[in-house]
Amino acid sequence: MIHKKSVQGTVLAAAVLAALAVSCGTTPEPDRPASGAGAAGPDRAGATPYPDNAYAPSTGEKVRDAFATLQATLNDSCAKDCDYFLGRVNKELQELDRAMKNDPKGPGHFPEPIQKMTELNNTLGADASSENLKKHHKQLIATRDFINTWMQDHPDDYR
C-alpha cells in the first residue's frame, strides 16, 4: 500500500513538473498582422501606407525598445540594399512614433519627435513604397538623426 502511494505521488509530481516545464518553456508570440502579399495594417487615418508587410510597424512596443531598434540603423546605409535600408528606417521611425504616442507619459512628453514624424508622414503621404522612400531619402534620414539626437538628450525616456 505504501508503495502504491509513493508511485502515485511520483507520477503526480512528474505530471506537475512536466506541465510547469511546458508553460515556462514556451513564450507566446505577440499578435502579428496577417502575412502575405499586400497585407498591412491601417494607419491612423485608415489608409494602408505599408504595402509590404515586412515594413509594417508593430503595435504595443515601448519607447525604449523602439528607440533601440531605430539606433540599430545608424551604422547602415544604402550601400548594400537601399530598398531594405530605407524601408527599415521608415518602419523603425513609425514604431517609435506609435510608442511615443502610446507612452504612459503621454504624447505631449515627446513634442519635437512627434512633430518631426508628422512632417515626415505628411511628406510621404500613405506611400511607403521604395520609390517614394528613395525620393524622400534625405528627409527620412534627417528625421531619424533628429530623433536620435533628441532622445540622447532625454536618457530617462529610453533607459
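For Ala128 against Leu133, the heavy-atom pair with the smallest separation is O-CD1, 3.6 Å. Contact detail for Trp150 and Pro111: the closest heavy-atom pair is CZ2-CD, 4.5 Å. Between Val63 and Leu96, the closest heavy-atom pair is O-CD1, 3.8 Å.
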Problem - Test side-chain contact (heavy atoms from CB on, under 4.5 Å) applied to His154 and Phe110, step by step - result: CA-CA 10 Å; His154 298 83; Phe110 305 96; over 6 Å; no
Practice task
Decide side-chain contact (heavy atoms from CB on, under 4.5 Å) for Lys105 and Met100; before the verdict, give the C-alpha distance in whole Å, the side-chain angles of both, and the deciding distance to 0.1 Å.
Solution key: CA-CA 9 Å; Lys105 296 174 188 172; Met100 288 177 172; over 6 Å; no
Handout entry: Residues Leu86, Cys78; criterion side-chain contact (heavy atoms from CB on, under 4.5 Å); working and verdict
Key = CA-CA 7 Å; Leu86 295 177; Cys78 273; 4.0 Å; yes
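Looking at Lys62 and Asp103, no side-chain N of the basic residue comes within less than 4.0 Å of a carboxylate O on the acidic one, giving no salt bridge. By the 4.0 Å N-to-carboxylate-O rule, Lys135 lies too far from Glu131 to be salt-bridged with it.
Applying the side-chain hydrogen bond (donor to acceptor under 3.5 Å, both in side chains) criterion to Thr69, with sequence neighbours excluded, gives Glu92. Taking the side-chain contact (heavy atoms from CB on, under 4.5 Å) definition, one finds that Gln139 meets it with Glu119, Leu120, Thr123, Thr143, sequence neighbours left out.
Interatomic distance, NZ of Lys138 versus CG of Asp145, reported as 13.5 Å (0.5 Å rounding). One finds the CG atom of Leu93 at 11.0 Å from the CZ atom of Phe67 (value rounded to the nearest 0.5 Å). Rounding to the nearest 0.5 Å places CG of Asp65 at 12.5 Å from CG of Leu70. Taken from CD1 in Ile147 to NZ in Lys116, the straight-line distance is 9.0 Å, to the nearest 0.5 Å.
Counting only distance, with no hydrogens or angles, the side chain of Asp127 and the backbone of Asn132 share no donor-acceptor pair below 3.5 Å.
Listed by first and then second residue, the salt bridge (Lys or Arg N to Asp or Glu O under 4.0 Å) pairs that reach into residues 67-80 are Asp76-Arg88, sequence neighbours excluded.
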